[in-house]
There are 2 protein chains.
Amino acid sequence: MMKKSEEDVQLLEGMSSLDNVIEMAEKLKLLGDKTRLTMLILMKSRDLCVCEFVEILNMSQPGVSQHLRKLKSLGLVNETRKSQWVYYSLNVEDKPYIKAVLDHAPDLSTLLKTMEERGRPVCD
Amino acid sequence: MMKKSEEDVQLLEGMSSLDNVIEMAEKLKLLGDKTRLTMLILMKSRDLCVCEFVEILNMSQPGVSQHLRKLKSLGLVNETRKSQWVYYSLNVEDKPYIKAVLDHAPDLSTLLKTMEERGRPVCD
DNA sequence: TAACAATATAATCAATTGCTTATATAAATA
DNA sequence: TATTTATATAAGCAATTGATTATATTGTTA
């Protein structure tokens, strides 16, 4: 087998770095939508089920489900079924730059509380 | 003038938080594109002019200019003309979450050096 | 001042996105 | 088991995006 020249190695390293940049951009693209970013920030307070997102975000249930699917497909959230409800939770402990973004995000816990007080869906 | 109720105040505060989320999402959307993210990471090493981006990213000059315009319009970069060249530089010191993202980004300084060694544009 | 080099803007277009409505699936309950 | 509730998937569509080529602008230099 032919030995790699230093230049080749450097090029290959450059390539894999670029792959990592692309992967990073894909995740950041998910944060670059106001609906999904709001969802992620809300999940800092607690896990939420789909119908809660529907109420808070005031959008159609399929719309919410599709955003959650994208977040799940890139590993930013986990889903847990609790009888009829599916709860979504943050999964960013091992993604430092996403965690950093969410740490600096505006606080939406007041908004969440407000919705809770106005009679939210039962959810268990 | 009518006094605001506590509920109104809470609602209004909620609103402004949402505005901040939207503003945050707009900036993150800029990072959610592989070309622009690469540009920002490259500028961590040093300021670059348009024609350097064109060479490194291997795309059309107008394409590069339009990405830079978006970054400038949201205040993520500054531009400085040096005779015929326009240099772009990072302006993220006052944007902690963007800084955090770039701090965690893959290192592209090797890629930049490689391009420099292969005879880059003169640029002063 | 004419030609050139670097950059910006305009016009265009295919691909992607974020939403909707309609429909399917899954679990709980009468 | 039939109905209801929660969620997911499919299909469709207008708006946005990221690229291109063509053209305008700005500064340098012969």
Side-chain angles (χ1 to χ4, degrees), chain A residues 18 21-22 25-40 42-43 47-74 76-89 115 119-124, chain B residues 18 21-22 25-40 42-43 47-74 76-89 115 119-124:
Chain A
L18 278 187
V21 172
I22 291 171
E26 278 175 2
K27 292 202 177 75
L28 289 170
K29 182 174 290 181
L30 293 185
L31 304 202
D33 172 86
K34 69 175 185 234
T35 304
R36 283 188 301 260
L37 184 56
T38 303
M39 289 171 136
L40 292 168
L42 286 169
M43 282 183 273
D47 304 354
L48 283 92
C49 65
V50 178
C51 62
E52 289 179 310
F53 284 120
V54 170
E55 191 202 6
I56 295 174
L57 300 171
N58 197 35
M59 66 181 280
S60 70
Q61 175 268 313
V64 167
S65 277
Q66 284 170 42
H67 280 304
L68 289 168
R69 182 157 48 124
K70 289 182 186 180
L71 291 173
K72 206 186 70 171
S73 77
L74 293 201
L76 272 60
V77 301
N78 290 323
E79 81 178 42
T80 319
R81 179 174 277 274
K82 279 192 184 174
S83 74
Q84 62 208 281
W85 297 283
V86 179
Y87 281 80
Y88 286 85
S89 57
M115 299 307 295
R120 50 163 173 152
V122 189
C123 298
D124 223 3
Chain B
L18 278 186
V21 172
I22 292 172
E26 278 176 2
K27 293 202 176 73
L28 289 170
K29 183 174 289 181
L30 293 184
L31 305 202
D33 171 87
K34 69 174 185 232
T35 303
R36 283 188 300 261
L37 184 57
T38 304
M39 289 172 136
L40 291 168
L42 286 169
M43 283 183 272
D47 304 354
L48 283 92
C49 64
V50 178
C51 63
E52 288 179 310
F53 284 119
V54 170
E55 192 202 6
I56 295 173
L57 299 170
N58 197 36
M59 66 180 281
S60 72
Q61 175 268 313
V64 166
S65 277
Q66 287 175 46
H67 280 305
L68 289 168
R69 183 158 48 125
K70 289 182 187 181
L71 291 173
K72 206 185 69 169
S73 77
L74 292 201
L76 271 62
V77 301
N78 289 322
E79 80 179 40
T80 318
R81 179 172 278 275
K82 279 190 183 175
S83 75
Q84 61 207 277
W85 297 283
V86 177
Y87 281 80
Y88 286 85
S89 57
M115 300 306 295
R120 50 163 173 151
V122 188
C123 299
D124 225 3

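This structure is a prediction, so every number in the text was calculated from the model and none was measured. Each chain gets a letter, A, B and so on, in the order the sequences are listed, and its residues count up from 1.
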Could you tell me how far apart [X] ([atom1]) and [N] ([atom2]) are, to the nearest whole angstrom?
| X | N | atom1 | atom2 | result |
| --- | --- | --- | --- | --- |
| B/E55 | C/dA5 | CD | P | 16 Å |
| A/L71 | C/dG18 | CG | P | 11 Å |
| B/M59 | D/dT17 | CE | C1' | 12 Å |
| B/L37 | D/dT17 | CG | C1' | 17 Å |
| B/M39 | D/dA19 | CE | C1' | 13 Å |
| A/L74 | C/dT17 | CG | P | 11 Å |
| B/L57 | D/dA19 | CG | P | 9 Å |
| A/K34 | D/dA15 | NZ | P | 15 Å |

Mind checking what makes side-chain contact (heavy atoms from CB on, under 4.5 Å) contact with [X], not counting sequence neighbours?
| X | result |
| --- | --- |
| A/K34 | B/I22, B/A25 |
| B/Q84 | none |
| A/T80 | none |
| B/S73 | none |

On the nucleotide [N], are OP1 or OP2 found under 4.0 Å from the side-chain N or O atoms that [X] carries?
| X | N | value |
| --- | --- | --- |
| B/K70 | D/dG18 | yes |
| A/H67 | C/dT17 | no |
| B/S60 | D/dA19 | no |
| A/S83 | C/dA27 | no |

Checking all strands, does B/K72 fall into the base, sugar-phosphate, or nothing category for heavy-atom contacts under 4.0 angstrom?
nothing
I need the A/H67 NE2 to A/M39 CE distance, nearest 0.5 Å.
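Atom-to-atom, A/H67:NE2 and A/M39:CE are 6.5 Å apart.
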Rounded distance [0.5 Å steps], CG in B/D47 versus CG in B/N78
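Spacing of CG (B/D47) from CG (B/N78) equals 9.0 Å.
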For A/K27, which residues count as a salt bridge (charged side-chain N to carboxylate O under 4.0 Å, His left out) partner, sequence neighbours excluded?
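Expected list: A/E23.
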Counting primed atoms, P, OP1 and OP2 as sugar-phosphate and everything else as base, the B/S/- map of nucleotides 7-13 of chain C against protein heavy atoms under 4.0 Å is BBBBB--
